[in-house]
Enquirer: 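Structure below; questions to follow.
Values in this document were obtained by computation on a predicted structure and should not be read as measured data. In each ligand, atom 1 is the first atom listed, and ligand 1 is the first ligand listed. Here, residue 1 is the first one in the sequence, and each next residue gets the next number.
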Amino acid sequence: MVHDWGSRDASFVAINKKVLTRLCEIANGKDDYVTVPMQGSGTFAVESMLTSFVPVKGKVLVLINGAYGQRAKRILDIAGRATVVHETAEDAPPDLQEVEAILQRDHAITHIFTIHCETTSGILNPIEKIGALAALYKKSYLIDSMSAFGALPLDARGIRADAVAASSNKCIEGVPGLGFVICRRDALAQTKGNATTLVLDLYDQWANFEKTGQYRFTPPTHVIVAFHQALEEFTAEGGVPGRGGRYRNNCRILLEGMTALGFKPLLPADLQAPIIVTFHMLDHPGFVFQHFYDGLKRRGFVIYPGKLTVADSFRIGCIGRLGETQMRDALAAVREVLDEMGVTNPSTKAA
Ligand SMILES: *Cc1c(COP(=O)(O)O)cnc(C)c1O
């Protein structure tokens, strides 16, 4: 990252090409899929996917169970694309019978959008089953796999997704600054003219890569070179099984340790993705979240406030350059901070 790369120089173009090819392999895309990168954070990739794949006259069935589903709906509203929403609580996956009923009822629907791991709660959504419905009713299938890509298996061809969006800085452990969309070539080829912005036009971005191997506009060169290195390390760790295995172990240690300290997770084990865990706040007069947060931060651990409407909660991540040692150290810090706050024998607000 300390080297200045020329964005139109052959050395950088070659590194970028390796990154795009590798991303496609991770999704089992083979020759049927192509990765189109989009400068910016993950939301830039999601907005680019939605506003390039969904034509102005399209209609999207948006499956919502958290803030990122809400954000996709907002993107589509702003872009003037019609939507129909199926929303479930933040701790509940979509109701597939209801999804099917909507598809039978509303023939104007052209696309189905879902989130792979809804990071708001950490819930794993059933992308294979939703994909089967999309295939059965011949709808284009679009997925936000931002917080799961690289850690949870995703077979884009197997589930017949038209597009999957993710970014450099979550489970691949690169630095922030690049989003990407893994697209079925045949579907992408039909999106010409759909986009309603120049910058986020995925088709135009792709067409330019096909022609020149280069970005249309200045890419974050340092970020992409770091992303290349992150992908090498991802491969060395054993790809999706290796990375996902480490996160699953982190998640198990975290759940066991926090439960022993009196915390209760929001989700049952079968809905919990090994990405981020939501815990209920403790119901104890000494437990003040800001003090808890600050005490952990002083010990070198930054956690994440809750984003839920269904429960008073906070979140702890399992992803990033973390292993067993860091998770155990974090649990020791949690115990120390609870002691400091005088919190003993707590119960949770949900209990
Ligand atoms: C992180 C994330 C995004 C993108 O967020 P940015 O802040 O734009 O990178 C989108 N969807 C999900 C599910 C996420 O976890």
Enquirer: Near E210 CD, under 6.0 Å, is it more than 12 heavy atoms from other residues, nucleotides or ligands?
Expert: yes
Enquirer: Could you check which of E47, M146, H116 puts a non-hydrogen atom nearest to atom 3 (C) of ligand 1?
Expert: M146
Enquirer: Which atoms of ligand 1 have any heavy atom of S147 under 4.0 Å away?
Expert: 15 (O)
Enquirer: Are any of the N/O atoms in G42 less than 3.5 Å from those in ligand 1?
Expert: yes
Enquirer: What do we get for N169 next to ligand 1 when only non-hydrogen atoms under 4.0 Å count, side chain, backbone, both or neither?
Expert: neither
Enquirer: Check whether any heavy atom of R71 sits under 4.0 Å from an atom of ligand 1.
Expert: yes
Enquirer: With heavy atoms of I115 as the reference, note each atom of ligand 1 found under 4.0 Å away.
Expert: 13 (C)
Enquirer: Looking at side-chain heavy atoms only, is the closest gap between C171 and Y247 below 4.5 Å?
Expert: yes
Enquirer: For atom CZ of R185, decide whether the heavy atoms of other residues, nucleotides or ligands shown that lie under 6.0 angstrom number more than 12.
Expert: yes
Enquirer: Going by the angle between their ring planes, with limits at 30° and 60°, are F289 and F292 parallel, tilted or perpendicular?
Expert: tilted
Enquirer: A quick test of your reading: do over 12 heavy atoms of other residues, nucleotides or ligands sit less than 6.0 Å from OH of Y304?
Expert: no
Enquirer: When only distance counts, is T119 in polar contact with ligand 1, meaning an N/O pair under 3.5 Å?
Expert: yes
Enquirer: With heavy atoms of T43 as the reference, note each atom of ligand 1 found under 4.0 Å away.
Expert: 4 (C), 5 (O), 6 (P), 8 (O)
Enquirer: Heavy-atom distance under 4.5 Å between the side chains of D144 and T114, does that happen here?
Expert: no
Enquirer: When rounded to the nearest 0.5 angstrom, what distance separates CZ in R22 from NZ in K17?
Expert: 16.0 Å
Enquirer: With heavy atoms only and a cut-off of under 4.0 Å, state how C117 meets ligand 1: side chain, backbone, both or neither.
Expert: backbone
Enquirer: Tell me whether the rings of F314 and F263 are parallel (<30°), tilted (30 to 60°) or perpendicular (>60°).
Expert: perpendicular
Enquirer: Do any N/O atoms on S41 end up under 3.5 angstrom from N/O atoms on ligand 1?
Expert: yes
Enquirer: Test your reading of the structure: does Y68 have an N or O sitting under 3.5 Å from an N or O of ligand 1?
Expert: no
Enquirer: Who's the nearest protein heavy-atom neighbour of atom 1 (C) of ligand 1, and how far?
Expert: K170 NZ, 1.3 Å
Enquirer: Is the F12 ring parallel, tilted or perpendicular to the Y215 ring (thresholds 30°, 60°)?
Expert: tilted
Enquirer: Given that the side chain starts at C-beta and the backbone is N, CA, C, O, which of these parts of D144 lies under 4.0 Å from ligand 1, counting heavy atoms, or is it both or neither?
Expert: side chain
Enquirer: Below 4.0 Å from any atom of ligand 1, is there a heavy atom belonging to E118?
Expert: no
